[in-house]
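Just so we're on the same page: letters track the sequence lines, and every chain starts at 1.
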Amino acid sequence: MDKKEVAAILNDIGTALELKGENPFKVRSYYNAARNIETIGEDINPLAKEDRLREIPGVGESIAEKIKELLATGKMKYYEDLQKELPEGLFEMLRIPGMGPKKIKAIWDELGITDVAALEYACHENRIAALPHFGERSQEKILEGIAFIKKAQGRYISSEIREQAESLENALKKDKNIIRISIAGSIRRRCETSKDIDIVVSSKKPEEVGEKFAALPQVATVTAQGETKVSVILKSNVAADLRIVDDRQFPYALHHFTGSKEHNVAMRGRAEKKFSMKMNEYGLFAVGKGKGGEDKLIPCKDEAEIFQKLGLAYIEPELRENMGEIEAAEKGKLPKLIEEKDVRGVIHVHTDYSDGLGSIKEFTDACIKMGYEYMAVADHSATATYANGVDEKRLKKQHGEIDALNKKLKGFKIFKSTEVDILSDGSLDYSKDALKTFDFVIAAVHARMPNKELEMTKAVIKALENPYTSMLGHPTGRLLLAREPFKINIEKVIDACAANGVVIEINANPQRLDLDWRYVKRALEKDVKFCICPDAHRINDINDIKYGVAAARKGWATKADVVNCLPAAKFLAALKRN
DNA sequence: GCCGTTTTCGGCCCGACTGTTTTCAGTCG
């Protein structure tokens, strides 16, 4: 059992305790412990064996004992007892917007309802409205909420939701009553998926701005409308919140609603402990320093000044996850993050030799037009028959075509590469003779792999040790909101990349963003280099590079960490080749 | 349940909005 599974169980316990109506601080302690366990940089099993679990922040005597029991026996009595006590359906009911533990418990106690289906039925029978502290409107809202989770599952890929957020932002920008405006929340932090859209604006006429927002053509229904906040559901079924503040408050509100929640909690803690300041969406205040002992606002013209007042360098939104950014900002050790313009080469392009839509020439022309300096063709290998994989005979033809094009090109270079399948025994899907003919080789896992973590990890590590492997493509195979990552020990894979000088791909396809940014940070600590690749199957996919850059930024990468920020010759020199 | 160069007990981030109430609890971010 790994730390992720342990953390998931602790999270479940937290939720269960909430449903039971336990002390909220006790509940929080389980969530805290789960969160901290997820982010420790080592395996949890040795920690338990050496009795060092309590070194993890948020893990005290009681939780440490429970984890020890879980790791030693595979079971935790406390958890099992809670599960027996609470019907499973209650947890699903929590996903209904507006339904929290208290309401669910009340409905359970009063009506014996323990799942979403029964709840929906009870609403139709008008039995919820009759409960104390519920009414007609509550019942309607529950039905709306159930419809919402049924339809949307509640999360969206970054590229899709960002587009919608920008369309709202652009529509609002035309309003002269708006002084400053910014997208906030997880979209601004460049998370790989988001639940909803947050926009912050400043204005002297909040009500008019709110009216305007509620009346935008993108909006389907208005779910809340107050002086500082308007919540809507868009026609796309995405929820969007607009926060309207006074212009003086804008920097504080932008910081607050950008989050993450964990970053904000840490910032508030710092403000209070080190500076006796209070922080919320309306300002940063010196406690008791105003007239008559009131709190006094510390003026800040922008976010950078807020950080400065708290003794910190400016923290880019992507880094605000309370994953060490505050400590680094204090010491002036924040990285200078990579930017889109730093990327010089388009690596991992599928042409019409395999499953790409476009010839080598067409991709080349597009790359040149977009200002790139080099490109690497990387079609599928022969085993990938589903993708029209290239056999060794057609490979020769492709290489001839690339050589001919390179002769004509000036100031642009096409590299010969491949996305070669890692086979189930860890060998690569081309012969040595064929592998020799590439400028460099990207190895990647596709179908027909062992479904056991140990075997899968072993096969991939064997491929990384192959002298011809220069780069590992989409390391976990995840498809966001659609397919779970492979069962693979990614920590061991990262170690093997470090040991063998293999570069890891950050696959920039917005549905993949694989390697996950959390592991990008981890791998950087081990001096692994990255390559941001669009995995382009059509010309337009080259534009996905920007999502890969966002993921790299979120993982703390600088341009020095990313090999395709180098000029062509140095790029090639940075890769392990045989 | 966790935590502590003010604390081993008494805190634990904070404010808006909604719906049900007639002063507030629950939810959300």
Side-chain angles (χ1 to χ4, degrees), chain A residues 10 13-14 17-19 21-37 53-67 78 93-107 128-142 144-145 154 184-187 189 194-200 206 210 222-232 239-245 249 252-253 255-274 276-285 287 295 322:
Chain A
L10 293 177
I13 292 175
L17 294 177
E18 268 193 298
L19 287 168
E22 267 281 4
N23 174 355
F25 299 110
K26 182 171 169 177
V27 170
R28 188 187 301 166
S29 64
Y30 277 95
Y31 288 135
N32 269 342
R35 203 184 120 74
N36 287 324
I37 284 167
L53 285 170
R54 295 192 60 181
E55 288 176 24
I56 305 167
V59 176
E61 197 184 344
S62 166
I63 293 182
E65 279 308 311
K66 292 188 175 82
I67 296 172
Y78 184 64
M93 283 163 71
L94 269 175
R95 289 176 44 228
I96 302 168
M99 290 292 280
K102 303 266 167 55
K103 288 188 185 172
I104 290 171
K105 186 163 190 304
I107 289 172
I128 300 297
L131 292 178
H133 301 288
F134 289 82
E136 283 284 333
R137 188 70 194 113
S138 304
Q139 183 168 281
E140 269 172 50
K141 283 211 148 184
I142 291 172
E144 286 167 17
S186 58
I187 301 176
R189 297 201 315 279
S194 295
K195 194 160 69 66
D196 54 16
I197 295 170
D198 287 296
I199 297 177
V200 180
V222 179
T223 50
Q225 191 161 5
E227 225 176 276
T228 67
K229 177 183 168 183
V230 181
S231 299
V232 302
D241 281 347
L242 181 72
R243 309 279 178 161
I244 311 158
V245 296
Q249 300 165 330
Y252 315 101
H255 177 266
H256 180 90
F257 292 114
T258 295
S260 66
K261 197 177 167 192
E262 291 78 9
H263 168 88
N264 287 353
V265 168
M267 287 285 285
R268 283 203 196 97
R270 180 184 175 85
E272 202 211 322
K273 283 194 195 85
K274 292 211 161 181
S276 296
M277 291 180 190
K278 195 178 90 176
M279 210 179 161
N280 61 32
E281 58 263 57
Y282 300 116
L284 181 63
F285 302 93
V287 175
D295 297 342
N322 194 26

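- Checked by atom type and distance alone, the side chain of Asn36(A) pairs as donor or acceptor with a backbone atom of Pro57(A) at under 3.5 Å.
- Across all strands, Lys66(A) comes closer than 4.0 Å only to sugar-phosphate atoms, never to a base (heavy-atom distances).
- When the side-chain hydrogen bond (donor to acceptor under 3.5 Å, both in side chains) test is applied to Gln139(A), the partners found at least two apart in sequence or on another chain are Asn126(A).
- A gap of 14 Å separates the P atoms of dC3(B) and dC13(B), to the nearest Å.
- Residue contacts for Pro24(A): at a heavy-atom cut-off of 4.0 Å it reaches no nucleic acid atom on any strand shown.
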- prompt: Which string of ( ) [ ] | and . matches DNA chain B, if you list each base 5' to 3' and count Watson-Crick or G-U pairs only when both distances are under 3.5 Å?
  reply: ((((....)))).((((((....))))))
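- When the side-chain hydrogen bond (donor to acceptor under 3.5 Å, both in side chains) test is applied to Lys105(A), the partners found at least two apart in sequence or on another chain are Asp109(A).
- Within 4.0 Å (heavy atoms only), Pro101(A) reaches sugar-phosphate atoms of the nucleic acid but no base atom.
- With sequence neighbours excluded, the residues forming a side-chain hydrogen bond (donor to acceptor under 3.5 Å, both in side chains) with Arg137(A) are Glu140(A), listed by chain and number.
- Using P as the reference atom, dT6(B) and dG1(B) are 28 Å apart when rounded to the nearest Å.
- Asn264(A) comes within 4.0 angstrom of nothing in the nucleic acid, heavy atoms only.
- When side chains are defined from C-beta on, Leu10(A) counts as touching Ile63(A), because their heavy atoms get closer than 4.5 Å.
- The ring pair (Phe, Tyr, Trp, His ring centres under 6.0 Å) check on His256(A) picks up nothing, with sequence neighbours excluded.
- For the pair Asn280(A) (side chain) and Gly283(A) (backbone), a donor-acceptor distance under 3.5 Å is present.
- Nucleotides dT23(B) and dT18(B) place their C1' atoms 15 Å apart, quoted to the nearest Å.
- dG11(B) and dT7(B) are spaced 15 Å apart, taking the P atom of each and rounding to whole Å.
- Side-chain contact between Glu18(A) and Tyr31(A) is present, with heavy atoms from C-beta onward closer than 4.5 Å.
- With a cutoff of under 4.0 Å to any heavy atom of chain A, the contacted region of DNA chain B is bounded 5' to 3' by dG1(B) to dG29(B).
- In this structure, dT22(B) shows a glycosidic angle more than 90 degrees from zero, which is the anti conformation.
- Using atom P as the reference point in both dT21(B) and dA16(B), the two lie 24 Å apart (nearest Å).
- Both Gly100(A) and Arg268(A) lie near DNA chain B, and the one whose nearest nucleotide falls closer to the 5' end is Arg268(A).
- Looking at heavy-atom distances under 4.0 Å, Val59(A) makes contact with sugar-phosphate atoms alone, never a base.
- Residue Phe257(A) is classed as having no contact, given no heavy-atom separation below 4.0 Å to the nucleic acid.
- At the heavy-atom level, Glu272(A) lies nowhere under 4.0 Å from the strands shown.
- Look at the C1' atom in both dT20(B) and dG26(B): the space between them is 11 Å, to the nearest Å.
- Two residues are said to be in side-chain contact when any heavy atoms from C-beta on lie closer than 4.5 Å; His263(A) and His255(A) meet this criterion.
- For the pair Lys261(A) and Asn322(A), the minimum side-chain heavy-atom distance is 4.5 Å or more.
- At the heavy-atom level, Met99(A) lies under 4.0 Å from the strands shown only through sugar-phosphate atoms.
- Nearest-nucleotide positions on DNA chain B place Ile56(A) closer to the 5' end than the other of Thr223(A) and Ile56(A).
- Residue Lys103(A) is in sugar-phosphate contact alone, with no base atom involved, counting any heavy-atom pair closer than 4.0 Å across all strands shown.
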